[in-house]
Colleague: 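This is the structure, below, for whatever I ask next.
We name chains A, B, ... by the order of the sequence lines, and we start the count at 1 in each one. On a predicted model such as this, the values are computed, not experimentally measured, just so you know.
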Amino acid sequence: MKDVFKKPDSFFDEFSRSAGVDKEATHYCPGCGHGNLHKLVAEAIDDLGIVDRTVFVSPVGCSVFGYYYFHVGNVQAAHGRAPAVATGVRRALPQSIVISYQGDGDLAAIGANEILQAANRGELMTVIFVNNAIYGMTGGQMAPTTLLGQKTTTTPYGRKIANEGYPLRVSELLSTLTAPVYIERCTLEDSKTIMKTRKAIRKALEYQISGKGFSLVEVLSPCPTGWEIEPLASREWLTKNMVSVFPPGVYKERTDAEPRTMEPLKVLNAQEVLGALNMSAGPDQRVASIPPDFPTHELVLAGFGGQGVLLLGQLLTKSSMTEGKFVSWLPSYGPEMRGGTANCHVVVSRRRIGSPFVPRPTLLIAMNQPSLEKFADSVRPGGMVVYDSSFVKTASIPSHVTPVPIPFSEIANQLGNAKTANMVAAGAIIALTGITEEESFTALIKKLRKKELIETNLKALAAGRESALALGIQVAGVGIH
Amino acid sequence: MSKELLKGNEAIVVGAILAGCRSYFGYPITPASEIAETAALLMPKVGGTFIQAESEIGAINMVYGAASCGQRTMTASSSPGISLKQEGISYCACAELPCVVVDIMRGGPGLGNIGPEQADYNQMVKGGGHGNYKVVCLAPNGAQEMCDLTMLAFDLADTYRNPVAILADGFIGQMMEPVEIPAPVIDLPEKKWAVKGTGDTRDNLISSIYLKHDDLEAQIHKLYAKYNEIEKAEVRFEEYRLDDCEYVAVAYGIVSRILMSAIDEARDAGIKIGMLRPITLWPFPNARLRELSRHVKGMLVAECSTGMLIDDVKLAIECSVPVRLYSRVGGNIPSATELGIAIRQLQEELP
Ligand SMILES: Cc1ncc(C[n+]2csc(CCOP(=O)(O)OP(=O)(O)O)c2C)c(N)n1
Ligand code: SF4
């Protein structure tokens, strides 16, 4: 015969973690449902053979001390966040079984979003949701599940629809989601309903063990202390008042859910990590040969969003980087870009770069009229303003800088691809300033995946170079020496 | 090619993966979103987890869960999101969970704007959550450091079982610079304390409750003993042109980069000024600053906050020399010209 007093293996014989003096009694009040429920959960853990694999997440509420009792891996979580914590655990330990044991304040009030989202992601976890229609731990305040008219310390006149709304029905709410595989509401009224709860808990855990998905058992549970009712009378109160508002039953069951197999996380070696990143490690071996008189170039590139000015800046930066120069690229970011204009700052130097921010450029590339108007005055004396004369009709450019009008977009159109205006500009900039070698830039273009694009871009680059040279502008001196 | 042109935000994820981080939990926010986007791209390739959490609160608590299992894990956000994470960071500190939290600061208070600011200094460096705890705080000022210091952050977090923060601003996050890729870390420290869902870790408990006052006091003392160790062993800073200096400027993050340019110009004009750049904001380079204060006429603190870093500088040197502030806020950053003027004013005031 089974010894009915034998404690399950997953339940401590003695509660040595307890702060109380008596290490054999639980900290729960007489008549509290938590004690019953703990026992049912512990038995299920034992019987399903998952003692070693189980991680129990205790929330904040009367069951915050779940770890006094459950002899399994324990993680105590912040108020309401148990489903998020359990998510972290479950993802880090794909082969574990995770139980999130939460009260109604924890789950349905402060943690309502966490439970909703974990359920909706279909996290492989089992939630035991203790609905006692009150905040037990903090001394009997209203919970989202508090009944209409029910007096609590924060609804001293009884819960009113006008002020507090209706009791929140969690099982009903969550069963509207697609992902959960099993949601049942049970109660702890008498031995019959307790047996039903026992079954439901097992089923919920089995759904997790088989990898089918998220399961939740809501348990209507007495809180004699919070309700200010005698322990014995509290079961009756539950039957009389709670069951009609929170009808027991299976709210969701997807027996046909596809089981997921959870492999242990793979540990990669160094080669595999670098392979996944598509990068190689170690110091840069190339010897840079930058001419000693190479100046510091500080560029502002600006235009309409979609003209590719950010990419143009990046490619000039990257090309210069491959030559061993010091480089930085700083974009304007966020909503400003959505307004239709984009700009970036580029610095290329033979020395370590201080500020990547360029308030006074040596070179402005303006791909449209507003950009020219916005930045022309900021260009340093002796600097250069290169602009797309296909769009800029009236240029007022300070006399101390060299204006370089080139119809980038028209040239690109003639070549058959308006989108390459930025490459035409690149060809011109390289020819005018020597910021990078055309060879290095060409090498970058050649790495593009689409072969047709390589051709068009190279053509655009060459056309840009020729258009700049045709102007016959004397360029020595641009940049900070 | 072993040099990659990376955004600061991307470099953080590369560093994290190289350091063995295998889970990222985050919620989008400008100017930190590329961290989540890059993690979403790369984590699956190394068998890791990426989850776009329901909120920053969800994210930090997922980090709490993964860290409880001994996994190297992280989250990132920008200022308002960091405010939401503070409760979780406090829990991690008390439960002694190693994790990395990145803050790419933007303009505040309130919704503020998405420009670069440094006004999370107090909420990050002084521990913005409740209770007695500290967070190691690293302040990169370029893409290479975004990668390198993220790797260091995971090591420090494990060594001391404490959250480590990376505190950078929108510009450092958005800027692209060359990054030399460090070798991946393969041998991760064993964590006997972690909950692993195995028979031999059944006795392990991750918790931040200490019901008895004496127990909590003992735990806090334990944390602070650890913090003393950190203050002794982990102070990091960079010195720039400090030899023979008569003035010291102090800045971190994007401001330190601009200050370098301003110092170069000031030196050209004959002003003997150098910079001390804290790389660890906590632990703060107190000793070095005190030493410097004995030889200089004054100090200048430049920051994109209304005077937070300056408090730590004044404390470090016990106000033994005058300290002046140059501050820009609201998403503005000081130009090298403005800092140059501030340097000249300092010299004129304290010749
Ligand atoms: C952020 C935060 N807010 C409030 C609290 C205080 N608090 C602790 S438990 C609790 C309510 C617990 O009620 P419930 O989840 O229903 O569990 P029960 O105690 O009834 O089992 C509250 C509000 C807290 N610990 N943390
Ligand atoms: S207050 Fe209520 S829920 Fe808490 S232990 Fe007592 S009876 Fe149980």
Colleague: At a 4.5 Å cut-off on heavy atoms, which part of A:Glu263 comes close to chain B: side chain, backbone, both, or neither?
Modeller: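 Answer is neither: A:Glu263 stays 4.5 Å or more from chain B.
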
Colleague: Please report the interatomic distance CD1(B:Ile57) to CD1(A:Ile110), rounded to the nearest 0.5 Å.
Modeller: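 So the CD1 of B:Ile57 and the CD1 of A:Ile110 are separated by 7.5 Å.
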
Colleague: Which distance, rounded to the nearest 0.5 Å, do you find between the OG of A:Ser355 and the CG of B:Asp264?
Modeller: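 Nearest 0.5 Å value for the OG-CG distance: 11.5 Å.
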
Colleague: Identify which part of A:Arg17 has an atom lying under 4.5 Å from any heavy atom of chain B, answering side chain, backbone, both or neither.
Modeller: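 A:Arg17 touches chain B through side-chain heavy atoms alone.
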
Colleague: Kindly determine whether B:Ile206 and A:Tyr67 satisfy side-chain contact (heavy atoms from CB on, under 4.5 Å), including the steps that lead there.
Modeller: CA-CA 9 Å; B:Ile206 303 299; A:Tyr67 60 85; over 6 Å; no

Colleague: Between atom CZ of A:Arg352 and atom OH of B:Tyr240, what is the distance when rounded to the nearest 0.5 Å?
Modeller: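 Between atom CZ of A:Arg352 and atom OH of B:Tyr240 there are 7.0 Å.
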
Colleague: Let me know if A:Asn120 has heavy atoms under 4.5 Å from chain B in its side chain, its backbone, both or neither.
Modeller: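 Nothing of A:Asn120, per the 4.5 Å heavy-atom cut-off to chain B.
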
Colleague: Any side-chain heavy atom of A:Glu123 within less than 4.5 Å of one from B:Ile51?
Modeller: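 Yes, at least one pair of side-chain atoms sits under 4.5 Å.
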
Colleague: Count the heavy-atom pairs under 4.5 Å between each of B:Leu42, B:Thr198, B:Val63 and chain A, then report the option with the highest count.
Modeller: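 Ranked by heavy-atom pairs under 4.5 Å with chain A, first place is B:Thr198.
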
Colleague: Between A:Asn74 and B:Ser207, is any pair of side-chain heavy atoms under 4.5 Å apart?
Modeller: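 A:Asn74 does not reach B:Ser207 side chain to side chain.
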
Colleague: Should A:Asp52 and B:Thr201 count as side-chain neighbours, where that means a heavy-atom distance under 4.5 Å?
Modeller: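 Side-chain contact under 4.5 Å: no.
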
Colleague: What option among B:Thr49, B:Leu205, B:Ile258, B:Ile60 has the most heavy-atom pairs under 4.5 Å with chain A?
Modeller: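 When all of B:Thr49, B:Leu205, B:Ile258, B:Ile60 are compared, B:Leu205 has the most.
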
Colleague: Measuring only between side-chain heavy atoms, which start at C-beta, is A:Leu274 closer than 4.5 Å to B:Ile181?
Modeller: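 The answer is yes; the side chains approach within 4.5 Å.
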
Colleague: Examine whether an atom of A:Leu265 lies under 4.5 Å from a heavy atom of chain B, and if so say whether it belongs to the side chain, the backbone or both; otherwise answer neither.
Modeller: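 For A:Leu265, side-chain heavy atoms alone lie under 4.5 Å from chain B.
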
Colleague: Less than 4.0 angstrom from a charged side-chain N to a carboxylate O is my criterion; do B:Glu54 and A:Arg81 meet it?
Modeller: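 Here B:Glu54 does not pair with A:Arg81 in a salt bridge, since their nearest N and O are not under 4.0 Å apart.
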
Colleague: Measuring heavy-atom distances to chain B, does A:Val60 have an atom under 4.5 Å in its side chain, in its backbone, in both, or in neither?
Modeller: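 Side chain only.
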
Colleague: Give, as side chain, backbone, both or neither, the part of A:Val64 having an atom under 4.5 angstrom from any heavy atom of chain B.
Modeller: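 Both the backbone and the side chain of A:Val64 come within 4.5 Å of chain B.
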
Colleague: Starting at NZ of B:Lys196, measure out to CD of A:Gln95 and round the result to the nearest 0.5 Å.
Modeller: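 Answer rounded to 0.5 Å: 14.5 Å.
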
Colleague: Are B:Glu177 and A:Thr317 packed together at the side-chain level, in the sense that at least one heavy-atom pair is separated by less than 4.5 angstrom?
Modeller: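 Counting from C-beta outward, B:Glu177 and A:Thr317 never come under 4.5 Å.
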
Colleague: Could you tell me which non-hydrogen atom of A:Leu268 sits nearest to which non-hydrogen atom of B:Ile186, and how far apart they are?
Modeller: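 In this case the closest contact between A:Leu268 and B:Ile186 is O-CD1, 3.7 Å.
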
Colleague: Please state whether the side chain, the backbone, both or neither of A:Phe56 comes within less than 4.5 Å of a heavy atom of chain B.
Modeller: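 Contact with chain B is absent: no heavy atom of A:Phe56 under 4.5 Å.
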
Colleague: Does a side-chain heavy-atom distance below 4.5 Å link B:Leu6 with A:Met279?
Modeller: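 A side-chain contact under 4.5 Å exists here.
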
Colleague: Please determine if B:Arg202 and A:Asp9 form a salt bridge, counting it only when a charged side-chain N lies under 4.0 Å from a carboxylate O.
Modeller: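 So B:Arg202 pairs with A:Asp9 through a salt bridge.
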
Colleague: Under 4.5 Å from any heavy atom of chain B, what part of A:Ile353 do you find: side chain, backbone, both or neither?
Modeller: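 Contact with chain B: backbone and side chain both.
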
Colleague: How far does NZ of B:Lys3 sit from OG of A:Ser280, to the nearest 0.5 angstrom?
Modeller: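 So the gap between those two atoms works out to 12.5 Å.
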
Colleague: Just so I understand: if I count every heavy-atom pair under 4.5 Å between each of B:Ser55, B:Ser208, B:Gly170, B:Gly8 and chain A, which residue has the most?
Modeller: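 Answer, by heavy-atom pair count under 4.5 Å with chain A: B:Gly170.
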
Colleague: Check each atom of A:Arg121 against the heavy atoms of chain B and say whether the ones under 4.5 Å are side chain, backbone, both or neither.
Modeller: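 Only the side chain of A:Arg121 comes within 4.5 Å of chain B.
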
Colleague: Would you mind checking which part of B:Pro178 comes under 4.5 Å of any heavy atom in chain A, side chain (CB onward), backbone (N, CA, C, O), both or neither?
Modeller: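 Both the backbone and the side chain of B:Pro178 come within 4.5 Å of chain A.
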
Colleague: Using a 4.5 Å cut-off on heavy atoms from C-beta on, say whether the side chain of B:Leu18 contacts that of A:Val273.
Modeller: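 Yes; the side chains approach each other to less than 4.5 Å.
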
Colleague: Using heavy-atom distances under 4.5 Å, tell me whether A:Ser58 contacts chain B through its side chain, its backbone, both, or neither.
Modeller: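 Answer is neither: A:Ser58 stays 4.5 Å or more from chain B.
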
Colleague: Mind checking the CD-CD spacing from A:Gln117 to B:Gln52? Nearest 0.5 Å is all I need.
Modeller: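 Here the rounded value is 10.0 Å.
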
Colleague: Tell me, out of B:Ala336, B:Ala143, B:Ala53, B:Gly199, who's got the most heavy-atom pairs with chain A below 4.5 Å.
Modeller: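 Among the listed options, the one with the most contacts to chain A is B:Gly199.
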
Colleague: Side-chain contact test, heavy atoms from C-beta onward, threshold under 4.5 Å: evaluate it for A:Phe357 versus B:Ile333 and give yes or no.
Modeller: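 Touching, per the 4.5 Å side-chain cut-off.
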
